[in-house]
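Along the sequence shown, the residues carry numbers beginning at 1.
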Amino acid sequence: MLIGNFSEWTMRNLIIRIIVSMLLGGIIGLDRGMKHRGAGTKTMTVVCLGSTLVMLTEQYIQVNFPGLANMNRLAAQVISGVGFLGVGTIIISNHRVRGLTTAATLWASATIGLAVGVGFVEGGILITLVMLISLHILPFAERFATRNSRYCNVIVDLEESRYLHVIIQDLKAAGISVDSMEISTSKIGDSVSVYLILHTGKATENTEIYEIITRSDKVESVDFL
């Protein structure tokens, strides 16, 4: 153990585990709260502490009632059960999915609580540090990859569906191919909403694609994802 053995059932270790769990959950929640995400300091701390209590209870049963405890059973229930919180943070609107990172962070906070609760404090601290680094570094890498990507996601609303093939032909003429397409028809009239994933053979600005699509006066709106 790098910083000590916290797996033994002593009052000192119990207090250390609870405090470390509270701190790690609070740090993760504070980071999410500063970004105005759905789950903040209170939620992350409570999830982490609750998971820690589950493992403390398991070890308590094992110490005081030998043979009755199953250290995997309750932990598995926490990992699967925390999903109900994650579902509440995921929002799907206009083909956009929001809240996945918050849901994943909630789940990770629960696993950190389990690790700390069983005495694996070093693992909980290391994962917290790596997770915070990932949450701050990876967005920059993702933005770099997006800027250099040859793919473009577009939602086009049309007054009449029969004009869709005209737009596709205009895109192909400009060297832009349709990688995939999803059409949602309206219950009223002949209007459609088309979700396109376009592949450009060269670096193409969104403004150029917008000009190509809006050549038709039947285009109601164009939204880039």
Side-chain angles (χ1 to χ4, degrees), residues 1-93 96-142:
M1 298 294 179
L2 295 177
I3 58 177
N5 183 9
F6 301 100
S7 61
E8 294 181 1
W9 185 259
T10 63
M11 183 57 65
R12 169 184 168 274
N13 284 347
L14 294 182
I15 294 173
I16 290 175
R17 293 187 211 175
I18 292 171
I19 292 175
V20 171
S21 176
M22 180 183 67
L23 290 175
L24 295 181
I27 290 171
I28 295 171
L30 186 62
D31 177 73
R32 304 303 292 168
M34 287 190 298
K35 298 178 181 178
H36 304 286
R37 303 306 185 191
T41 306
K42 292 183 291 185
T43 304
M44 295 295 183
T45 303
V46 170
V47 168
C48 204
L49 283 172
S51 303
T52 298
L53 178 60
V54 168
M55 295 310 292
L56 290 176
T57 303
E58 284 277 22
Q59 191 173 9
Y60 176 84
I61 296 173
Q62 190 177 53
V63 171
N64 293 278
F65 306 96
L68 295 181
N70 184 346
M71 296 296 286
N72 298 322
R73 182 170 54 85
L74 285 180
Q77 295 300 317
V78 171
I79 292 174
S80 60
V82 77
F84 83 94
L85 282 176
V87 170
T89 66
I90 299 174
I91 301 173
I92 302 176
S93 177
R96 289 186 174 92
V97 180
R98 302 182 184 276
L100 283 175
T101 302
T102 300
T105 307
L106 276 169
W107 181 84
S109 296
T111 60
I112 290 170
L114 292 173
V116 174
V118 81
F120 188 30
V121 175
E122 294 93 335
I125 293 174
L126 287 173
I127 290 299
T128 299
L129 292 175
V130 173
M131 189 164 68
L132 290 175
I133 291 172
S134 299
L135 289 172
H136 285 273
I137 298 298
L138 291 181
F140 292 101
E142 188 175 15

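In this structure, the side chain to side chain contact (heavy atoms under 4.5 Å, CB included) partners of Ile137, at least two apart in sequence or on a different chain, are Ile133. Shown here are the side chain to side chain contact (heavy atoms under 4.5 Å, CB included) partners of Leu30, two or more places apart in sequence or in another chain: Thr41. For the side chain to side chain contact (heavy atoms under 4.5 Å, CB included) test, residues two or more places apart in sequence or in another chain that qualify with Met22 are Thr45, Leu49. For the side chain to side chain contact (heavy atoms under 4.5 Å, CB included) test, residues two or more places apart in sequence or in another chain that qualify with Leu129 are Ile125.
The distance from the CD1 atom of Ile19 to the CG atom of Leu24 is 12.0 Å, given to the nearest 0.5 Å. Atom CD1 of Ile16 and atom OG1 of Thr10 lie 7.5 Å apart (nearest 0.5 Å). Residue Thr57 holds its OG1 atom at 12.5 Å from CD of Gln62, rounded to the nearest 0.5 Å. Note that CG of Leu106 and OG1 of Thr101 are 11.0 Å apart. Values are rounded to the nearest 0.5 Å.
Considering every non-hydrogen atom in both Leu14 and Trp9, the closest pair reads CD2-CZ3, 3.5 Å. Considering all non-hydrogen atoms of both residues, Met131 and Thr105 come closest at CE-CG2, 4.3 Å. When all heavy atoms of Met44 and Ser109 are compared, the pair lying nearest together is SD-OG, 3.4 Å. Between Ser134 and Pro139, the shortest heavy-atom contact is O-CD, 3.7 Å.
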List, one per line, each side-chain donor-acceptor pair under 3.5 Å for residues 78-88, sequence neighbours excluded.
residue: Ser80; atom: OG; partner: Ala76; partner atom: O; Å: 3.1
residue: Ser80; atom: OG; partner: Gln77; partner atom: O; Å: 3.3

List the steps, then state whether side-chain contact (heavy atoms from CB on, under 4.5 Å) holds for Leu135 with Arg32.
-> CA-CA 9 Å; Leu135 289 172; Arg32 304 303 292 168; 4.0 Å; yes

Could you walk me through whether Val47 and Trp107 pass the side-chain contact (heavy atoms from CB on, under 4.5 Å) check?
-> CA-CA 9 Å; Val47 168; Trp107 181 84; over 6 Å; no

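Pairs passing the side-chain hydrogen bond (donor to acceptor under 3.5 Å, both in side chains) check and including a residue from residues 15-31, sequence neighbours excluded, read Arg17-Gln59, Ser21-Thr52, Asp31-His136.
In this structure, the side chain of Ser51 engages the main chain of Ala110 through a donor-acceptor pair within 3.5 Å.
Put simply, the side chain of Glu122 reaches to within 4.5 Å of the side chain of Phe120, judged on heavy atoms. Side-chain contact between Thr111 and Ile127 is absent, with no heavy-atom pair separated by less than 4.5 Å.
Taking the six-membered ring where the residue is Trp, Tyr60 and Phe65 present perpendicular rings, their angle passing 60° and hence far from 30°.
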